[in-house]
Amino acid sequence: MATSLANTTFFSKTCSLFIHTNSLKRFAFRVPFSSTSTSTSPLPLKKKWRPPAASALELGGVKMAKDDIVRDDPTNNVPDTIFTKLGMQLHKRNQHPIGILKNAIYEYFDSNYPNKFNKFDDLCPIVSVKQNFDDVLVPADHVSRSYNDTYYVDSQTVLRCHTSAHQAELLKEHNHFLVTGDVYRRDSIDSTHYPVFHQMEGVSIFYPDEWGAAGLDATEYAAKDLKRCLEGLARHLFGAVEMRWVDTYFPFTNPSYELEIFFKENWLEVLGCGVTEQEILKRSGKSNNVAWAFGLGLERLAMVLFDIPDIRLFWSSDERFTSQFLQGQLGIKFKPFSKYPPCYKDMSFWINESFTENNLCEVVRGVAGDLVEEVRLIDNFTNEKGMTSHCYRIAYRSMECSLTDEEINELQWNVREQVQSKLNVVLR
Ligand code: DAH
């Protein structure tokens, strides 16, 4: 199995494959139909919805006017920590690893398919439930639609959890396109997962004369072209690497694949892709065509390509991080400027039936922000009365300075207090 590294694709795979790995939760999204335990009720965190920085409102002008997003809706589960990330657009910074990687991928498409792909990188991340899920055929009971997994602005509006949210609409106007943007997912905390990350989506359609001339069936033709294109992209980014294709599941493609590369002794999942479901094309007025599509997670690739050890670093404004990268230079290896020791704090509590790890992580991040490196379940038991206890180990570590005992104790006290009051659990 490929290394689980940094937020990437979801929706694929069957659960059983991952059930014994510590990354099970990561792949909850990959179950074709809802099955894992996720609460569908909104978080008990009711935050006032505040307008983002002015720039965020100019995001492609796609959706909402400012007044539309100033709201205090009970179905809103977007905390301030996430809200403030809207409009940051790391993928548009040419000297930032995410922007450098985006540009390197553009370069591949520009040189191999001159003037073919339309590029979008400022579509608004606030999209409708229809765009995010229905338009790409995500089943009504799919776990990714839950409040536990997705940020809802209101019951009909979400922070996109994948760039596939734009596929259907763009297909109406364009035949070949790339969409880059920030995507948002409620998740647990460790060095490769962050609730905001970046994806690039690619879509390309074909006409009957193309597969006719090749003497192939439409689907075969698209799948072959897709594989050739993406193998070329992987070589462009990673050089001569060993690759393999793994069959998988996505609601929007059939057949569906993942591309893995053998990198530093591990099979690394690079992207998800497949031949677009005909229903999506039909609804976009392209029923005579066939198409391929892919989606890749930029942080995951950037961590490997630039040797970046912790996903929080992408958000750092510390000059010791930001000054290490240069426009157009994919090969630069990040030199850690210092590594302060982590400090671990354990907390145990009796959970209730609405408890989820994603909710816990959000509360912890709400208090400690990017000082929290990992939240890990280290003990779990149910007593004879049927009460279940969880013990979590929280790793605090600043990437920029050392933290005093006093600071950490204060954080931990606040975390305990907030966990108790917001999640209604009983501390032990
Ligand atoms: N949207 C998927 C995810 O976030 C990635 C993906 C897979 C995109 C297959 C695609 C695709 O366009 O065809 O996990």
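Each ligand, and each atom within it, is numbered from 1 in the order the structure gives.
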Problem - Over 12 foreign heavy atoms within 6.0 Å of NZ, Lys119 - result: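 Yes, enclosed.
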For ligand 1, which atoms sit closer than 4.0 Å to a heavy atom of [X]?
| X | answer |
| --- | --- |
| Gln167 | 12 (O) |
| Gln199 | 3 (C), 4 (O) |
| Gly274 | 13 (O) |
| Arg185 | 3 (C), 4 (O) |
| Thr253 | 13 (O) |

Problem - Winner among Tyr249, Phe250, Phe294 once heavy atoms are compared against atom 7 (C) of ligand 1 - result: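 It is Phe250 that holds the nearest heavy atom.
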Exercise for the section: Classify the ring geometry between Tyr184 and Tyr151 as parallel (under 30°), tilted (30 to 60°) or perpendicular (over 60°). Expected result: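 Correct class here is perpendicular.
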Practice task
Report yes or no: is the cationic atom of Lys227 (NZ for Lys, CZ for Arg) closer than 6.0 Å to the six-membered ring centre of Tyr257, at no more than 45° off its axis?
Solution key: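 Pair Lys227/Tyr257 counts as cation-pi.
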Handout entry: NZ or CZ of Arg145 within 45° of Tyr152 ring axis and under 6.0 Å
Key =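 Judged by the rule, Arg145 and Tyr152 form no cation-pi pair.
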Problem - Nitrogen or oxygen of Gly272 less than 3.5 angstrom from that of ligand 1 - result: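 N/O-N/O distance under 3.5 Å: no.
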Practice task
Tell me which part of Ala293 gets within contact of ligand 1: side chain, backbone, both or neither, using heavy atoms under 4.0 Å.
Solution key: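 Answer for Ala293: both.
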Problem - All ring-ring contact (aromatic ring centres under 6.0 Å, His included) counterparts of Phe321, not counting sequence neighbours - result: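 For Phe321 the ring-ring contact (aromatic ring centres under 6.0 Å, His included) partners, ignoring immediate neighbours, are Phe325, Phe334.
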Practice task
Check ring-ring contact (aromatic ring centres under 6.0 Å, His included) between His176 and all other residues, then give those that pass, not counting sequence neighbours.
Solution key: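 Result, ring-ring contact (aromatic ring centres under 6.0 Å, His included) vs His176: Phe117.
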